[in-house]
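Whatever order the structure lists them in is the order used to number ligands and atoms, beginning at 1. Worth saying up front: this structure is predicted, and the values here are computed from it rather than measured.
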Amino acid sequence: MKTIAIGSFFVLFAIATGMIASPAFADHPTATVSTPEGTSVPGCEKTNECYIPYEVTVDVGGEVTWTNDDTAAHTVTGGSATDGPSGAFDSSLFMAGTTFTHKFEEAGTYPYFCMVHPWMEGIVIVQEAGAEEDKHMDEDKHMEDKEVHMEGAASATGMLSDGTTVSVWASEPAAGERMEISIVFEDSEHVNHDIMVTQNGETVLDDTDAHHHEGKGVHETAPLSSSDPVDITVTFQGYGIDEKTGPIGEEVVFSNVVPEFGTIAMMILGVAIVSIIAVTAKSRVIPRL
Ligand SMILES: [Cu+2]
């Protein structure tokens, strides 16, 4: 019971913060839905393709436009065939080749259907502007939950022109495995950045607009095709949530990144490490092995 109460408090808190953070984020101002050809006979409902896409999301104040790409006339009517029209919106009959647009002013989930062909159903989800940002923050939290793996020395370290140290801790690259890259912007908060990782010229990670509240987070590559070292390019995109400051656009490039080595590996690879240092030193990386 108590957990439920705490849980709902957090939901309220999330909604409240979402509202405060809202105005700048209108990620989904508009959406378009097609009424494809052939929907005037049943069948499209089996794959939810009577309106395509079946479900769209817009922010409060966003508009959805339906295009009738069929040869028959249809309607876009809020509600459902079982419960009847909700009154939320109604195109009335709209003809082949025409469009219907409705502006959604209130958050909520709006099912709709076609009055002529009741098997035709779709959904519009209207979210508070800024909900996307909350989602983003949740993802970010998730990333931080995944625990930034930064024991031992960093795999590589670089610096932004404002003096902020950027360090990465990388897991060992192995064919068929994902590589985990923890990144830390020292003593920084609300860091936005892009990160691109390539291995032998092939892009294995391309995250844009990552946001790390505490200046650190974890990124994961696609499964690698070899155990060769990777190149990591971090493009700094500013400090802040709304207004971005700092040396935006600066790139920190780590070439030939090798992960930290375990003690056993260290002994076996003693000779190899020396040569790796030689290689990385040439490519502007400061490895601390
Ligand atoms: Cu119809």
Side-chain angles (χ1 to χ4, degrees), residues 4 7-8 10-12 14-140 142 206-209 211 222:
I4 293 168
S8 37
F10 273 108
V11 168
L12 283 177
I15 292 168
T17 47
M19 282 171 177
I20 294 162
S22 58
F25 297 94
D27 285 318
H28 299 288
T30 61
T32 307
V33 179
S34 166
T35 308
E37 211 177 321
T39 48
S40 55
V41 288
C44 56
E45 75 281 4
K46 287 176 190 149
T47 49
N48 283 336
E49 285 175 319
C50 298
Y51 297 100
I52 298 177
Y54 171 71
E55 183 183 302
V56 290
T57 303
V58 290
D59 285 342
V60 169
E63 289 185 347
V64 180
T65 298
W66 284 264
T67 62
N68 185 348
D69 303 316
D70 194 15
T71 45
H74 295 282
T75 79
V76 169
T77 307
S80 69
T82 15
D83 298 335
S86 64
F89 55 99
D90 184 17
S91 64
S92 71
L93 266 192
F94 78 123
M95 301 302 161
T98 63
T99 64
F100 164 67
T101 299
H102 181 77
K103 188 172 181 175
F104 289 85
E105 302 283 13
E106 253 179 84
T109 300
Y110 298 88
Y112 64 90
F113 68 112
C114 173
M115 298 266 266
V116 191
H117 315 101
W119 54 87
M120 295 177 63
E121 290 181 321
I123 297 172
V124 176
I125 293 169
V126 181
Q127 63 183 12
E128 292 292 347
E132 197 66 17
E133 173 68 0
D134 280 345
K135 212 177 102 198
H136 195 73
M137 286 180 180
D138 286 347
E139 278 169 14
D140 184 46
H142 177 73
D206 189 6
D207 276 354
T208 53
D209 289 330
H211 179 88

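Each of L93, N68, T98 was checked for a side chain to side chain contact (heavy atoms under 4.5 Å, CB included) with H74, and the lone residue meeting it is N68.
When you scan the N, O or S atoms of H74 for the one nearest the Cu ion (ligand 1), you land on ND1. Considering just the N/O/S atoms of H117, the one nearest the Cu ion (ligand 1) carries the name ND1.
Using a cut-off of 2.8 Å, one finds that C50 contributes no N/O/S atom close to the Cu ion (ligand 1).
Cysteine sulfur proximity is satisfied for C44 and C50, their SG distance being under 2.5 angstrom.
A donor-acceptor contact under 3.5 angstrom links the side chains of S34 and D69, judged on distance only.
You'll find the ring centres of F100 and F89 outside the 6.0 Å limit.
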